[in-house]
Every structure is written in C-alpha cells, then in structure tokens.
Amino acid sequence: MVREEETSQNKGFKLLGILDVQRIPCARNAILHGAGGSLTTGMLYFLATSRVRRSFDVGFAGFMLTTLGSWFYCRINNAKLRVQQRFIQEGIKNKIVYEGSVLDPINKPKAENPSGPS
Amino acid sequence: MAHPSQLGFQDAASPVMEELLHFHDHTLMIVFLISTLVLYIIMAMVTTKLTNKFILDSQEIEIIWTLLPALILILIALPSLRILYLMDEVNDPHLTVKALGHQWYWSYEYTDYNNFGFDSYMVPTQDLTPGQFRLLDVDHRMVIPTESPVRVLITADDVLHSWAVPSLGIKMDAVPGRLNQTAFIVSRPGIYYGQCSEICGANHSFMPVVVEAIPLKHFENWSTLMLENS
C-alpha cells in the first residue's frame, strides 16, 4: 500500500535539493512571486540604467525581498486559517456532543409559555 | 511510517508534530534563501574582473552583515521558543502509560484503573505475515485512545534506551533509575511506528515502538479484553 501511494504521488520538486516546493504550503507561490519580482526589478533597473551586472544584483535583491514578503504573508494567512479550522472542528465536536443538552451552543432560552385557558 | 528512501518528516499525527512541521518549513525557507544568497555571491565574486587590493574597512557592509544575521536568528528563535513552551504546557492527561525499555523489547503498563501490562517484542522476519512491516511490527502494540491527552512515563530496566515515535513528534530517553515524562494527543486513528533511539546492545535495531490509536469506545473494549486475559 505504501508503494502504491508513492508511485501515485509525484515525488516533489526540490529546489537546491532541499526545498520541496510542491509539498510545503506557500513555497511554490513564494518562489514564483520571487521569480516574477526578480525579473521585474532587474528589467526595470536595466531599462533605467543600462548597467547589466548591477541589474542582476538588483534582480536578485528583488527575488529575495519578494520571496520573503510573499512567504510571510502567505504563512500568516495560513496560520490564521489553521486556527479558525481548529475552532470550527472544536465547535462541530461540541455541537455533536452537547446537542439537545443545556450546554448546546445553539440552544436558545425559550420564553415562558403563557398558561392556557383555564 | 516512513516510505523507502524518504528524507523528510512523516505526516504529523499530533498537534505538536504539526507545529514542528510548520516550523521546519519556515526555517527551511530561510535556509534556502541564505544558500541562494551565498551561491549568488560566490558566482559574482568568481566572475568579476574588478579587484581592490587596498580596501581596509567598510562601515556599511559591516553593519549589514551584523544586523542581518541577528534578525534572521530572531526570526528563527521566536517560533522555536513558542513551540518549546507549547511542548511543555501543563495538561491534564486522561491516561498514563508506563513504557519500560529492556534488552531488547518494550513493555507497557496501564495502571490507571486496573493493573495490566504486556511485553512488546518485534515480530521476527521469518514470522511476518503478509502486510506486516519488517523490523517494525510487534506482537503487542501500545494502544491509546484518539483525541485524548496521554502521558507516557518512560524508564529502562537495564541500559539506556529511547522511546521515539516520529509521526507524534516524540523522543524521550529511557534511563535506568529515572522516570521521564512526555505527553501527547493523537489527532487521528492509526498505527504509528518508531524505533529505539539509543544504542543499547546487539539488538538495538530490533526493538521497535508501535502505537495504535483508536477511538475511545474501542479503547475501552480493548482494555476490558486485556484485563480479562491478564
């Protein structure tokens, strides 16, 4: 069963042999944003100054900053989602456990019924 | 369990291991970026024709390469300390199990309610049945309920051992004459494998740890059965 799972899944693409961009959440997006940022900043600097070598340096700096920015932004949102997911899971569990009881979270106190005609 | 040629972590089965995985991703991205930066600098140094034999100091670069590593270390240390304290949080375990290391098997004692215990020997290769894992499966697994805080008290009978289950994020030394404590919650039912992680003699590689997590109702049935059999 383990071999079937292994062959059915892609083995993952590891940048520099360490960073598995397919499996790590936010990694793929961060690297792609970084690549785009690098191209953009490098090209813009070159168009402005025509300095080739320095453009590469600026492009690399753009890659680092864009990757970091995208990575942290995505990870913070991811962390918030995971916290929300845990609350929801806990809420669903409590709803099932407490359903119909006094502790039911959706149990609203009913107003007193008026007494019927004597 | 691990699949052949696996390098990375196993899937997390406890909240602590999930946090450790996320921390590992965070740190790995930082390491990747530093490696990329170093590679780029090396390539730039190797391919330039510019040289300056008389440079003595530069205040700006000194400030950068002092502050930047400090910032990076803070970025790594803060989540690391968070998880460190998270792992040591006081919890109220529903169950306590004692794991004793022997040469060369583990024994487990459930003494909370009624006393029962059993030994856990590795299934020899020649006795494996189809579907069992070589060097990993045991005759009696340590069974615990899912979604319940469990405390494990670990010690050893003879020499040093270490009780480790990677997918739960647990590794604790089993020291003779000392009782080490660890706690965990298993998030999902399943069977989780580990191996002794402290050299303990000839059969150190042949005393695996197997934790079976099952829903509470089934755990109660299992413990009743074990009591009847003991």
Side-chain angles (χ1 to χ4, degrees), chain A residues 1-9 11-12 14-31 34-35 38 42 52-72 74-76 78-79 81-83 85-86 89-90 93-94 96-97, chain B residues 1-12 15 18-19 21-45 47-50 64 68 71-72 75 78-79 82-83 130-134 136 146-148 185 187-188 190-191 193 215-216:
Chain A
M1 196 169 93
V2 171
R3 287 174 194 257
E4 285 168 10
E5 284 174 5
E6 190 186 328
T7 51
S8 66
Q9 290 173 3
K11 288 215 168 173
K14 291 188 178 180
L15 284 176
L16 291 186
I18 56 172
L19 190 75
D20 190 341
V21 290
Q22 289 185 343
R23 297 232 167 89
I24 297 174
C26 300
R28 182 177 173 272
N29 282 345
I31 296 296
S38 156
V52 177
R53 200 173 178 87
R54 183 56 64 91
S55 301
F56 274 102
D57 296 340
V58 169
F60 184 78
F63 168 78
M64 298 281 282
L65 291 171
T66 316
T67 303
L68 272 173
S70 169
W71 169 257
F72 281 117
C74 180
R75 293 291 285 194
I76 285 170
N78 205 312
L81 271 177
R82 277 190 290 125
V83 168
Q85 185 190 4
R86 271 188 225 136
Q89 272 180 338
E90 201 63 33
K93 205 165 59 170
N94 285 343
I96 293 168
V97 168
Chain B
M1 57 163 281
H3 60 73
S5 72
Q6 177 171 342
L7 292 177
F9 289 118
Q10 298 178 33
D11 290 341
E18 282 178 29
E19 293 295 325
L21 281 181
H22 289 292
F23 172 68
H24 176 261
D25 293 342
H26 164 80
T27 312
L28 196 63
M29 177 56 83
I30 293 174
V31 163
F32 168 76
L33 289 174
I34 292 171
S35 307
T36 315
L37 175 67
V38 169
L39 269 175
Y40 182 80
I41 291 173
I42 289 172
M43 284 197 322
M45 295 290 121
T47 55
T48 187
K49 291 177 186 173
L50 301 171
I64 290 170
L68 200 56
L71 181 66
I72 289 169
L75 273 180
L78 289 178
R82 185 182 77 85
I83 295 177
Q132 284 190 311
F133 298 116
R134 190 179 70 93
L136 284 177
T146 51
E147 299 281 357
S148 303
I185 299 175
S187 313
R188 50 190 170 87
I191 300 173
Y193 295 91
L216 183 63

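Numbers restart at 1 for each chain; the letters A, B, ... are given by sequence-line order, proteins then strands.
Contacts between A:A61 and chain B at a heavy-atom distance below 4.5 Å are absent for every atom of the residue. Using a 4.5 Å cut-off between heavy atoms, B:E147 touches chain A through its side chain atoms alone. With a 4.5 angstrom heavy-atom cutoff, A:F63 touches chain B only via side-chain atoms.
Here the closest heavy-atom approach between residue A:A27 and residue B:M29 is recorded as CA-CE, 4.3 Å. Nearest heavy-atom pair, B:H26 versus A:W71, reported as atom, atom and distance to 0.1 Å: CA-CZ2, 3.7 Å.
How far CZ of A:R23 is from CG of B:D25: 12.0 Å, rounded to the nearest 0.5 Å. A distance of 7.5 Å separates CZ of B:F32 from OG1 of A:T67, quoted to the nearest 0.5 Å. Atoms CG and CG, from B:L33 and A:L65 in turn, are 10.0 Å apart once rounded to the nearest 0.5 Å. For the atom pair OG1 (B:T47) and CZ (A:F56), the distance works out to 10.0 Å, reported to the nearest 0.5 Å. In this structure, B:H22 NE2 and A:R82 CZ are separated by 3.5 Å, a value rounded to the nearest 0.5 Å.
Side-chain contact between B:L7 and A:K14: present, with at least one pair of heavy atoms (C-beta onward) separated by less than 4.5 Å.
For B:L37, the side chain to side chain contact (heavy atoms under 4.5 Å, CB included) criterion is met by A:F60, A:M64, B:I41, not counting sequence neighbours. Every residue was checked against the salt bridge (Lys or Arg N to Asp or Glu O under 4.0 Å) condition with A:R54, not counting sequence neighbours, and none meets it.
Other residues, nucleotides and ligands contribute at most 12 non-hydrogen atoms within 6.0 Å of the CZ atom of A:R28.
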